[in-house]
Amino acid sequence: MSIFTMLVELLSGMITSTEIFVLTLLFSLPLGLLIAFGRMAKNKAVQNITKVYISIMRGTPLMLQLMVVYFGPFYLFGIRITTAYRFVAVIIGFVLNYAAYFAEIYRSGIESMPVGQYEAAKVLGYNKRQTFFKIIFPQVVKRILPPVTNEVITLVKDTSLAFVIAVSEMFTSAKAIASAQTTMMPFVIAGIFYYIFNFLVAFGMEQAEKKLSYYR
């Protein structure tokens, strides 16, 4: 099998990996912010629930969480699992996992803001919502970009874990071709794909950080 043929065979896996990456970010970033609000809530019940949720998501393997999301409906409620549900289960598992990490990043950024910023906004007549979204949050985004970048880069590599519930992403496709053709070339191509993907992500985040440099 030629390299071009391998690339064509791996294309489907590349697309699936990209879809997992994009959809996970699309849903986990806003969900993480909501969880961060719950973690900082004055209501102790809400605070404790979100604290336990974050602890479970960060304290157990993502691979295990994907299996629970996929097989859970059948073993817990007797719901028949369809093939189409596999990809949905992957997205749900990834979103729930990464939202917990993003929540802690958001929380650390929000709590690092000086109290004087809130007091000054109150004097200027801003309400709590306006204070957060117009004054606090833009500065928080600048502060949390480096740790968010680390998580996003990890996400690119973690997409390979989708294989655990038989979703054929990049790594799974490479492994199948390597096994059939007895060659390491598919793994080399997969490695190059992940590296380029991560390079582009890091470059994009670096550019975003430079644009927000006026907050220094």
Side-chain angles (χ1 to χ4, degrees), residues 17 19-77 79 85-115 117-118 128-129 131-133 135-165 167 169 198 201-202 204-205 208-209 212:
S17 293
E19 288 176 341
I20 294 171
F21 172 81
V22 172
L23 291 174
T24 299
L25 282 186
L26 184 64
F27 294 110
S28 63
L29 285 170
L31 179 59
L33 184 59
L34 290 176
I35 296 170
F37 287 149
R39 182 72 175 81
M40 297 182 293
K42 293 180 180 180
N43 186 305
K44 284 294 181 181
V46 174
Q47 188 182 116
N48 288 331
I49 289 172
T50 52
K51 189 175 181 179
V52 170
Y53 167 79
I54 291 171
S55 177
I56 292 174
M57 290 296 105
R58 296 173 71 194
T60 56
L62 175 55
M63 185 182 294
L64 175 62
Q65 294 167 21
L66 291 173
M67 295 178 72
V68 169
V69 172
Y70 181 63
F71 294 109
F74 175 77
Y75 288 111
L76 294 176
F77 309 108
I79 300 174
Y85 178 63
R86 287 177 182 168
F87 186 77
V88 175
V90 166
I91 301 304
I92 293 173
F94 271 81
V95 168
L96 293 177
N97 179 274
Y98 272 85
Y101 286 92
F102 288 137
E104 286 297 272
I105 293 173
Y106 282 128
R107 184 175 69 88
S108 65
I110 294 169
E111 292 183 345
S112 71
M113 297 302 298
V115 178
Q117 299 254 2
Y118 295 91
K128 290 183 178 180
R129 182 184 178 85
T131 298
F132 181 77
F133 286 105
I135 298 174
I136 302 300
F137 191 64
Q139 297 178 72
V140 168
V141 171
K142 163 64 179 173
R143 295 190 179 197
I144 67 174
L145 270 180
V148 166
T149 299
N150 288 337
E151 288 301 321
V152 173
I153 288 174
T154 300
L155 171 59
V156 174
K157 294 177 286 186
D158 277 353
T159 56
S160 62
L161 294 176
F163 82 91
V164 74
I165 54 176
V167 172
E169 40 60 61
N198 274 325
V201 167
M205 297 298 277
E209 194 170 346
L212 292 171

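Note that these values count all heavy atoms, side chains included, but never hydrogens, waters or copies made by symmetry.
Atom CD1 of I136 sits about 7.0 Å away from atom OG1 of T131, to the nearest 0.5 Å. Rounded to the nearest 0.5 Å, atoms CG (N48) and OG (S55) are 11.5 Å apart. The CG atom of N97 sits 13.5 Å away from the CD1 atom of I92 when rounded to the nearest 0.5 Å. Rounding to the nearest 0.5 Å gives a distance of 15.0 Å between CZ of F94 and CZ of F27. If you take CG on L155 and CG on L62, they are separated by 9.0 Å, rounding to the nearest 0.5 Å. Here I91 contributes atom CD1 and L66 contributes atom CG; the two are 10.0 Å apart, rounded to the nearest 0.5 Å.
Residues I135 and M113 form no side-chain contact, since every pair of their non-hydrogen atoms from C-beta on lies 4.5 Å or further apart.
More than 12 heavy atoms of other shown residues, nucleotides or ligands fall within 6.0 angstrom of atom CE in M40.
Under the side-chain hydrogen bond (donor to acceptor under 3.5 Å, both in side chains) criterion, Y98 pairs with D158, sequence neighbours left out. In this view, F137 and F132 satisfy the ring-ring contact (aromatic ring centres under 6.0 Å, His included) rule, not counting sequence neighbours. Contacts of F163 classified as ring-ring contact (aromatic ring centres under 6.0 Å, His included), with partners at least two apart in sequence or in another chain: none. I49 meets the side chain to side chain contact (heavy atoms under 4.5 Å, CB included) test with no other residue; sequence neighbours excluded. Residues forming a side-chain hydrogen bond (donor to acceptor under 3.5 Å, both in side chains) with T60 (at least two apart in sequence, or on another chain): Q65. Applying the side-chain hydrogen bond (donor to acceptor under 3.5 Å, both in side chains) test to S108 and every residue at least two apart in sequence or in another chain returns nothing.
Residues Q47 and A41 approach most closely at NE2-O, 2.8 Å, considering heavy atoms. Contact between I54 and A103 at its shortest, heavy atoms only, is CD1-CB, 4.2 Å. Taking every heavy atom of both residues into account, V69 and A89 meet most closely at CG1-O, 3.6 Å.
When each of I144, L34, I35 is paired with Y106, the side-chain contact (heavy atoms from CB on, under 4.5 Å) condition holds for I144 and for no other.
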N/O donor-acceptor pairs under 3.5 Å from side chains in residues 146-154, not counting sequence neighbours:
{"from": "T149", "atom 1": "OG1", "to": "L145", "atom 2": "O", "distance (Å)": "2.7"}
{"from": "T154", "atom 1": "OG1", "to": "N150", "atom 2": "O", "distance (Å)": "2.9"}

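Screening residues 41-55 for salt bridge (Lys or Arg N to Asp or Glu O under 4.0 Å) gives no qualifying pairs among residues at least two apart or on separate chains. Sorted by first and then second residue, the salt bridge (Lys or Arg N to Asp or Glu O under 4.0 Å) pairs with a member in residues 105-115 read E104-R107, R107-E111; sequence neighbours excluded. The ring-ring contact (aromatic ring centres under 6.0 Å, His included) analysis of residues 52-75, with sequence neighbours excluded, yields the pairs Y70-Y85.
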Open item on the list: Go through it in stages, so that I can follow the logic: the residues are F102 and L25, the test is side chain to side chain contact (heavy atoms under 4.5 Å, CB included), and I'd like the CA-CA distance, side-chain angles, deciding distance and then a yes or no.
Closed with: CA-CA 10 Å; F102 288 137; L25 282 186; 4.0 Å; yes
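No donor-acceptor pair under 3.5 Å is formed between the side chain of Y101 and the backbone N or O of G32.
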